Amino acid sequence: MEEAKVVESKDGATSVASAFPGHPEAAQDRDHKFLSIAVEEAYRAVDRGHGRPFGAVVVRNDQVVVSCHNMVLKNTDPTAHAQVTAIREACKKLGKIDLSDCEMYASCEPCPMCFSAVHLSRIKRLVYGAKAEAAVAIGFDAFIADALRGTGHYRTANLEIKRADGNGALLAEQVFENTKGKFPLK
(Lines give C-alpha, C1' and ligand atoms only; values in the text may rest on other atoms or scores of the structure.)
Protein backbone atom coordinates (compact mmCIF):
# COMPACT_ATOMS: atom_id res chain seq x y z
CA MET A 1 0.00 0.00 0.00
CA GLU A 2 1.22 3.48 -0.88
CA GLU A 3 2.16 5.84 1.94
CA ALA A 4 -0.24 8.74 2.44
CA LYS A 5 1.00 12.09 1.16
CA VAL A 6 0.00 15.63 2.01
CA VAL A 7 -0.54 17.59 -1.19
CA GLU A 8 -1.41 21.30 -1.31
CA SER A 9 -2.97 22.66 -4.50
CA LYS A 10 -2.61 26.14 -5.97
CA ASP A 11 -5.90 27.28 -4.39
CA GLY A 12 -4.77 26.22 -0.93
CA ALA A 13 -6.92 23.09 -0.62
CA THR A 14 -5.05 20.29 1.06
CA SER A 15 -5.43 16.60 0.39
CA VAL A 16 -4.21 13.91 2.73
CA ALA A 17 -4.13 11.00 0.35
CA SER A 18 -2.30 8.80 -2.05
CA ALA A 19 -2.12 10.78 -5.26
CA PHE A 20 -3.56 9.37 -8.47
CA PRO A 21 -0.33 8.56 -10.32
CA GLY A 22 -0.04 10.31 -13.65
CA HIS A 23 -3.38 12.09 -13.48
CA PRO A 24 -3.07 15.08 -11.14
CA GLU A 25 -5.48 17.25 -13.18
CA ALA A 26 -8.21 14.59 -13.19
CA ALA A 27 -7.76 14.08 -9.46
CA GLN A 28 -7.93 17.82 -8.82
CA ASP A 29 -11.17 18.16 -10.88
CA ARG A 30 -12.68 15.19 -9.04
CA ASP A 31 -11.62 16.59 -5.67
CA HIS A 32 -13.07 20.00 -6.58
CA LYS A 33 -16.39 18.41 -7.55
CA PHE A 34 -16.87 16.63 -4.21
CA LEU A 35 -15.34 19.40 -2.11
CA SER A 36 -17.84 21.82 -3.68
CA ILE A 37 -20.67 19.66 -2.34
CA ALA A 38 -19.13 19.78 1.15
CA VAL A 39 -18.93 23.58 0.93
CA GLU A 40 -22.61 23.74 -0.12
CA GLU A 41 -23.42 21.70 2.98
CA ALA A 42 -21.47 24.17 5.13
CA TYR A 43 -23.69 26.99 3.88
CA ARG A 44 -26.78 24.81 4.40
CA ALA A 45 -25.85 24.26 8.08
CA VAL A 46 -25.94 28.00 8.75
CA ASP A 47 -28.88 28.84 6.46
CA ARG A 48 -31.09 26.24 8.16
CA GLY A 49 -29.90 27.09 11.66
CA HIS A 50 -28.68 23.53 12.16
CA GLY A 51 -25.13 24.36 13.15
CA ARG A 52 -21.85 25.98 12.27
CA PRO A 53 -20.45 26.37 8.71
CA PHE A 54 -19.00 22.90 8.18
CA GLY A 55 -19.93 20.26 5.60
CA ALA A 56 -18.73 16.77 4.73
CA VAL A 57 -19.33 14.23 1.98
CA VAL A 58 -18.60 10.52 1.97
CA VAL A 59 -17.84 9.12 -1.49
CA ARG A 60 -17.61 5.49 -2.61
CA ASN A 61 -16.76 4.42 -6.15
CA ASP A 62 -17.09 8.03 -7.37
CA GLN A 63 -20.66 8.23 -6.02
CA VAL A 64 -21.85 10.35 -3.10
CA VAL A 65 -22.95 8.04 -0.30
CA VAL A 66 -24.02 10.89 2.00
CA SER A 67 -23.71 14.65 2.08
CA CYS A 68 -24.05 16.18 5.55
CA HIS A 69 -23.49 19.33 7.52
CA ASN A 70 -22.89 20.35 11.11
CA MET A 71 -25.98 19.49 13.19
CA VAL A 72 -24.76 20.65 16.62
CA LEU A 73 -27.57 23.17 17.16
CA LYS A 74 -30.42 21.18 15.63
CA ASN A 75 -29.56 17.99 17.52
CA THR A 76 -28.39 19.77 20.68
CA ASP A 77 -25.33 17.55 20.39
CA PRO A 78 -21.80 18.95 20.61
CA THR A 79 -20.49 15.85 18.78
CA ALA A 80 -22.72 16.33 15.72
CA HIS A 81 -19.93 17.87 13.64
CA ALA A 82 -20.24 17.49 9.88
CA GLN A 83 -17.61 14.75 9.57
CA VAL A 84 -19.01 12.73 12.48
CA THR A 85 -22.57 13.13 11.15
CA ALA A 86 -21.45 12.02 7.68
CA ILE A 87 -19.68 8.96 9.09
CA ARG A 88 -22.74 8.00 11.16
CA GLU A 89 -25.06 8.36 8.17
CA ALA A 90 -22.71 6.54 5.78
CA CYS A 91 -22.37 3.62 8.20
CA LYS A 92 -26.16 3.38 8.52
CA LYS A 93 -26.71 3.62 4.77
CA LEU A 94 -24.01 1.06 3.92
CA GLY A 95 -24.80 -1.19 6.89
CA LYS A 96 -21.22 -1.40 8.11
CA ILE A 97 -18.71 0.40 10.33
CA ASP A 98 -15.66 -0.14 8.10
CA LEU A 99 -15.57 2.62 5.49
CA SER A 100 -12.18 1.64 4.07
CA ASP A 101 -13.65 1.71 0.57
CA CYS A 102 -14.77 5.33 1.02
CA GLU A 103 -13.30 8.81 0.87
CA MET A 104 -14.32 11.93 2.74
CA TYR A 105 -14.43 15.51 1.52
CA ALA A 106 -14.73 18.14 4.26
CA SER A 107 -15.15 21.87 3.90
CA CYS A 108 -12.63 22.47 6.69
CA GLU A 109 -9.72 20.68 8.29
CA PRO A 110 -11.18 18.29 10.84
CA CYS A 111 -10.93 18.90 14.55
CA PRO A 112 -9.25 16.19 16.65
CA MET A 113 -12.60 14.50 17.37
CA CYS A 114 -13.53 14.39 13.70
CA PHE A 115 -10.07 13.25 12.66
CA SER A 116 -10.34 10.44 15.19
CA ALA A 117 -13.74 9.44 13.78
CA VAL A 118 -12.29 9.42 10.25
CA HIS A 119 -9.42 7.26 11.47
CA LEU A 120 -11.66 4.84 13.39
CA SER A 121 -14.00 4.42 10.42
CA ARG A 122 -10.95 3.55 8.28
CA ILE A 123 -11.85 6.03 5.55
CA LYS A 124 -9.06 5.66 3.00
CA ARG A 125 -8.75 9.26 1.85
CA LEU A 126 -9.54 12.64 3.35
CA VAL A 127 -9.61 15.85 1.34
CA TYR A 128 -10.39 19.14 3.08
CA GLY A 129 -10.63 22.72 1.93
CA ALA A 130 -10.09 25.41 4.55
CA LYS A 131 -7.38 25.17 7.16
CA ALA A 132 -8.46 25.23 10.81
CA GLU A 133 -7.01 28.73 11.14
CA ALA A 134 -9.77 30.04 8.85
CA ALA A 135 -12.35 28.93 11.44
CA VAL A 136 -10.24 30.30 14.28
CA ALA A 137 -10.06 33.67 12.49
CA ILE A 138 -13.83 34.12 12.81
CA GLY A 139 -14.00 33.08 16.45
CA PHE A 140 -13.85 29.29 16.65
CA ASP A 141 -11.77 27.85 19.47
CA ALA A 142 -8.03 27.98 18.74
CA PHE A 143 -7.74 24.70 20.63
CA ILE A 144 -8.61 22.89 17.40
CA ALA A 145 -5.80 24.41 15.34
CA ASP A 146 -3.37 24.16 18.27
CA ALA A 147 -4.20 20.49 18.77
CA LEU A 148 -3.72 19.77 15.08
CA ARG A 149 -0.43 21.64 14.93
CA GLY A 150 0.86 20.74 18.36
CA THR A 151 1.29 24.46 19.00
CA GLY A 152 0.04 27.05 21.42
CA HIS A 153 -1.24 26.57 24.89
CA TYR A 154 -4.32 24.43 25.15
CA ARG A 155 -7.27 26.22 26.62
CA THR A 156 -7.70 25.43 30.27
CA ALA A 157 -10.90 23.47 30.52
CA ASN A 158 -13.15 23.69 33.55
CA LEU A 159 -12.93 19.95 33.89
CA GLU A 160 -11.33 17.68 36.44
CA ILE A 161 -9.95 14.48 34.96
CA LYS A 162 -9.15 11.73 37.44
CA ARG A 163 -8.67 8.00 37.13
CA ALA A 164 -10.83 5.99 39.50
CA ASP A 165 -9.11 4.48 42.51
CA GLY A 166 -9.10 0.90 43.72
CA ASN A 167 -11.93 -1.43 42.82
CA GLY A 168 -13.57 0.99 40.37
CA ALA A 169 -10.50 1.01 38.16
CA LEU A 170 -10.02 -2.75 38.48
CA LEU A 171 -13.67 -3.44 37.65
CA ALA A 172 -13.46 -1.24 34.55
CA GLU A 173 -10.21 -2.87 33.38
CA GLN A 174 -11.73 -6.35 33.77
CA VAL A 175 -14.29 -5.54 31.07
CA PHE A 176 -11.56 -5.90 28.46
CA GLU A 177 -10.29 -9.21 29.76
CA ASN A 178 -13.78 -10.60 30.24
CA THR A 179 -15.01 -9.70 26.76
CA LYS A 180 -11.96 -10.38 24.57
CA GLY A 181 -12.79 -12.90 21.89
CA LYS A 182 -16.50 -12.00 21.92
CA PHE A 183 -16.20 -9.46 19.11
CA PRO A 184 -14.00 -9.17 16.02
CA LEU A 185 -11.18 -6.65 15.84
CA LYS A 186 -9.22 -5.95 12.69
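Remember, it's a predicted structure, so these values are computed and weren't measured experimentally.
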- Before giving the answer on side-chain contact (heavy atoms from CB on, under 4.5 Å), spell out for Tyr105 and Val59 the whole-Å C-alpha distance, their side-chain angles and the decisive distance to 0.1 Å. CA-CA 8 Å; Tyr105 292 83; Val59 174; 3.8 Å; yes
- Flag yes if more than 12 heavy atoms outside Lys96 fall under 6.0 Å of its NZ atom; otherwise flag no. yes
- Note on the structure: Taken to the nearest 0.5 Å, the spacing of Arg60 CZ from Lys124 NZ works out to 10.0 Å
- Item | Asn61 side, atom CG; Glu103 side, atom CD - distance, nearest 0.5 Å | 9.0 Å
- Distance-minimising heavy-atom pair for Ala80 and Thr85: O-OG1, 3.3 Å
- Message: So which atom in Leu73 and which in Gly49 form the shortest heavy-atom distance, rounded to 0.1 Å?
- Response: CB-O, 3.8 Å
- For Ala86 and Cys68, which heavy atoms make the closest approach, and how far apart are they? CA-SG, 3.7 Å
- Item | Hydrophobic cluster identity match, Val65 and Ile123, side-chain contacts under 4.5 Å | yes
- Is it true that Asp62 and Lys33 make a salt bridge, defined as a side-chain N closer than 4.0 Å to a carboxylate O? no
- Which atom names give the shortest non-hydrogen contact between Val58 and Cys102, and what distance separates them? CG1-CB, 3.8 Å
- Message: According to a hydrophobic-cluster definition based on side-chain heavy atoms being under 4.5 Å apart (Ile, Leu, Val, Met, Phe, Trp, Tyr only), do Ile97 and Leu94 belong together?
- Response: no
- Given side-chain contact (heavy atoms from CB on, under 4.5 Å), test Arg88 with Val66 step by step and report yes or no. CA-CA 10 Å; Arg88 289 174 181 159; Val66 294; over 6 Å; no
- Message: Distance check, rounded to the nearest 0.5 Å: Asp77 atom CG versus Asn70 atom CG?
- Response: 9.5 Å
- Task: Could you tell me whether the side chain of Asp98 and the main chain of Ser100 form a donor-acceptor pair under 3.5 Å?
- Result: yes
- Members sharing Val84's hydrophobic cluster (side chains within less than 4.5 Å): Met113
- Task: Enter the distance from Ile87:CD1 to Ser121:OG here, rounded to the nearest 0.5 Å.
- Result: 4.0 Å
- Query: Taking everything shown except Arg52 itself, do over 12 heavy atoms lie less than 6.0 Å from its CZ?
  - Reply: no
- Task: Enter the distance from Gln83:CD to Cys108:SG here, rounded to the nearest 0.5 Å.
- Result: 7.5 Å
- Query: When the ring planes of His69 and His50 are compared, do they come out parallel, tilted or perpendicular, using 30° and 60° as the limits?
  - Reply: parallel
- Item | Glu40 CD to Leu35 CG distance, which is reported to the nearest 0.5 Å | 10.5 Å
- Message: Can you give me the closest heavy-atom contact between Ser107 and Phe54, atom names plus distance?
- Response: OG-CA, 3.5 Å
